[in-house]
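Since the structure comes first, as structure tokens, the remarks are kept for the end.
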Amino acid sequence: MGEKKGSTRGERLAPARGRRRRPAAENGEIISMTKVCKAYSTGAPALKDVDLHINRGEFVFIVGDSGSGKSTLIKLLLRELTVTSGSINVMGYDLTKIKHRKIPKFRRNIGIVFQDFRLLKDRNVYENVAFAQRIVQKSNKEIKKNVPSILAIVGLAGKYKAKPKQLSGGEQQRVALARALVNKPTVLLADEPTGNLDPKNSWEIMKLLEQINENGTTVLVVTHNREIVNAMQKRVVTLKKGVIVSDEEKGGYIDED
């Protein structure tokens, strides 16, 4: 992948246009949101009648302006929030009925990468990644095998002793990505992963995400980066004011004024 620019899509899609859903047994759905509504405590809607169905192994961009509901959607998929109405199923877990004690086990199969890295500043690169393994009670033997392996994949094998403050923004995001991937998640959620990066590092992170996806991980990326979305030509789901206004198999960033 290079720093290529995608053409701006001039056409607009009609609101609520989406992909035809096939039965889950046929298409291997890993994420299913049906008629999902989420209201703030004030009663204002964050999401309204959202239908989103993602197959195992897909790469999906979630785009939209600030306040469109992207962050709420991610929090619902992580079960940080609960729906006001509707249903959500992720990896076979019914998130409307899941017991609180089972949520940690559910999240073990989800990797999450944030815009602000969220690294442990007092620990080095190795320990930041090992921390994720210790949470799921991996043995020291497994940790000593898995951490160097994932650091090599993200290009940081030689920086394992460095503290976060000694790294560039791009390197810190690679550490965050390694931490999200070390437990081999089924689904990876990336919330504005390039938001604090320059164009070169942004493309390198996106290339890594694409490679991860090619190895079988389902990847959802929330982003405002039009150039990346336009160039990569993946599935693009556009939110506006809590409603999915378009869902394209391969597309670009659609401005919904």
Side-chain angles (χ1 to χ4, degrees), residues 1 30-31 54 57-64 66 70-81 90-91 104 106-121 123-136 146-147 149-156 159-160 162 164-165 167-225 227-229 232 234-237:
M1 182 190 306
I30 198 166
I31 294 172
I54 295 172
E58 278 200 270
F59 189 119
V60 183
F61 283 116
I62 308 292
V63 304
S66 296
K70 303 186 304 297
S71 294
T72 299
L73 188 148
I74 291 295
K75 289 177 180 179
L76 286 171
L77 293 178
L78 281 171
R79 192 39 172 78
E80 289 183 2
L81 294 175
V90 180
M91 301 178 300
F106 157 70
R107 289 178 181 159
R108 288 179 185 178
N109 292 312
I110 298 180
I112 179 72
V113 179
F114 299 98
Q115 177 178 346
D116 55 357
F117 317 137
R118 302 193 186 184
L119 301 178
L120 302 169
K121 296 179 181 179
R123 304 189 192 188
N124 63 26
V125 167
Y126 181 96
E127 284 302 321
N128 264 278
V129 179
F131 181 75
Q133 293 260 276
R134 294 193 173 98
I135 287 176
V136 298
N146 296 337
V147 174
S149 176
I150 197 67
L151 287 176
I153 289 173
V154 300
L156 289 176
K159 300 255 183 169
Y160 70 98
K165 66 181 180 181
L167 303 175
S168 68
E171 288 171 334
Q172 289 185 63
Q173 193 60 292
R174 286 169 180 263
V175 178
L177 192 53
R179 182 181 59 190
L181 293 172
V182 71
N183 292 332
K184 298 181 179 179
T186 304
V187 174
L188 179 68
L189 305 177
D191 192 358
E192 297 286 358
T194 64
N196 287 331
L197 304 180
D198 60 34
K200 180 178 182 294
N201 281 309
S202 294
W203 277 107
E204 289 179 352
I205 291 298
M206 295 311 301
K207 183 176 180 179
L208 281 170
L209 290 175
E210 192 168 45
Q211 290 173 350
I212 291 157
N213 174 247
E214 288 171 355
N215 288 331
T217 301
T218 304
V219 176
L220 274 71
V221 179
V222 170
T223 186
H224 282 101
N225 194 314
E227 182 180 0
I228 284 174
V229 173
M232 291 184 69
K234 303 292 187 182
R235 180 180 171 190
V236 181
V237 175

Open item on the list: Checking Ser202 against Glu227 for the side-chain contact (heavy atoms from CB on, under 4.5 Å) test, could you report, in this order, the C-alpha distance in whole Å, the side-chain angles of both residues, the deciding distance, and whether it holds?
Closed with: CA-CA 10 Å; Ser202 294; Glu227 182 180 0; over 6 Å; no
TODO: Test side-chain contact (heavy atoms from CB on, under 4.5 Å) on Ile74 and Thr72 and set out the steps.
DONE: CA-CA 5 Å; Ile74 291 295; Thr72 299; over 6 Å; no
Task: CA sep, side-chain torsions, deciding dist, call: Ser71, Val222, side-chain contact (heavy atoms from CB on, under 4.5 Å) - done: CA-CA 8 Å; Ser71 294; Val222 170; 5.8 Å; no
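Between Leu220 atom CG and Leu189 atom CG the span is 6.0 Å, to the nearest 0.5 Å. Interatomic distance, CZ of Arg174 versus CG of Leu151, reported as 11.5 Å (0.5 Å rounding). Atom NZ of Lys165 and atom NZ of Lys121 lie 10.5 Å apart (nearest 0.5 Å). Note: Arg107 CZ to Ile135 CD1 = 11.5 Å, rounded to the nearest 0.5 Å. Of the inter-residue distances, the one linking Ile110 atom CD1 with Thr186 atom OG1 reads 8.5 Å to the nearest 0.5 angstrom. Atom CG in Asn215 sits 7.0 Å away from atom OG1 in Thr217 (nearest 0.5 Å).
Taking 4.5 Å as the limit, every side-chain heavy atom of Val63 sits out of range of all side-chain heavy atoms of Val237. Side-chain contact check for Phe59 versus Leu209: some heavy-atom pair is nearer than 4.5 Å. Using a 4.5 Å cut-off on side-chain heavy atoms (C-beta onward), Asn201 and Gln173 make no contact. Put simply, the side chain of Ile62 does not reach to within 4.5 Å of the side chain of Val236, judged on heavy atoms. The shortest side-chain heavy-atom distance between Ile228 and Thr194 falls under the 4.5 Å cut-off. A heavy-atom distance below 4.5 Å is found between the side chains of Ile212 and Leu177. Between Arg108 and Asn183, the closest side-chain pair of non-hydrogen atoms is not below 4.5 Å. Between Arg235 and Ile54 the shortest side-chain heavy-atom distance falls below 4.5 Å.
The main-chain N or O of Asn128 is never found under 3.5 Å from a side-chain atom of Arg123 such that the two would form a donor-acceptor pair. A donor-acceptor pair under 3.5 Å is formed between the side chain of Ser168 and the backbone N or O of Glu171. The main-chain N or O of Gly170 is never found under 3.5 Å from a side-chain atom of Glu204 such that the two would form a donor-acceptor pair. Side chain of Glu127 to backbone of Asn124: no donor-acceptor contact under 3.5 angstrom is found. Within the 3.5 Å criterion, the main-chain N or O of Gly64 finds a donor-acceptor partner in the side chain of Lys70. Listed for the Asn213 side chain is a donor-acceptor partner under 3.5 Å among the backbone atoms of Gly57.
Nearest heavy atom pair, residue Leu167 against residue Ala162, reads CD2-CB, 3.8 Å. Considering every non-hydrogen atom in both Ala180 and Pro185, the closest pair reads O-CG, 3.3 Å. Listed here is the closest heavy atom pair of Phe117 and Ala176: O-CB, 3.8 Å. Contact detail for Leu81 and Leu76: the closest heavy-atom pair is O-CD2, 3.6 Å. Between Thr223 and Asn225, the shortest heavy-atom distance links the atoms OG1-N, 2.9 Å. Minimum heavy-atom separation, Val113 to Pro193: CG1-CB, 4.4 Å.
Scored by the side-chain hydrogen bond (donor to acceptor under 3.5 Å, both in side chains) test, Asn146 finds Gln133 as partners (sequence neighbours excluded). The ring pair (Phe, Tyr, Trp, His ring centres under 6.0 Å) check on Phe106 picks up Tyr93, with sequence neighbours excluded.
For the pair Lys234 and Phe61, the NZ or CZ position fails the cation-pi test of under 6.0 Å to the six-membered ring centre and within 45 degrees of the ring normal. For Arg134 and Phe131, the positive end is not near the middle of the six-membered ring at less than 6.0 Å and at most 45° from its axis.
With respect to Asp198 and Lys200, no salt bridge is recorded, no charged nitrogen being found less than 4.0 Å from a carboxylate O.
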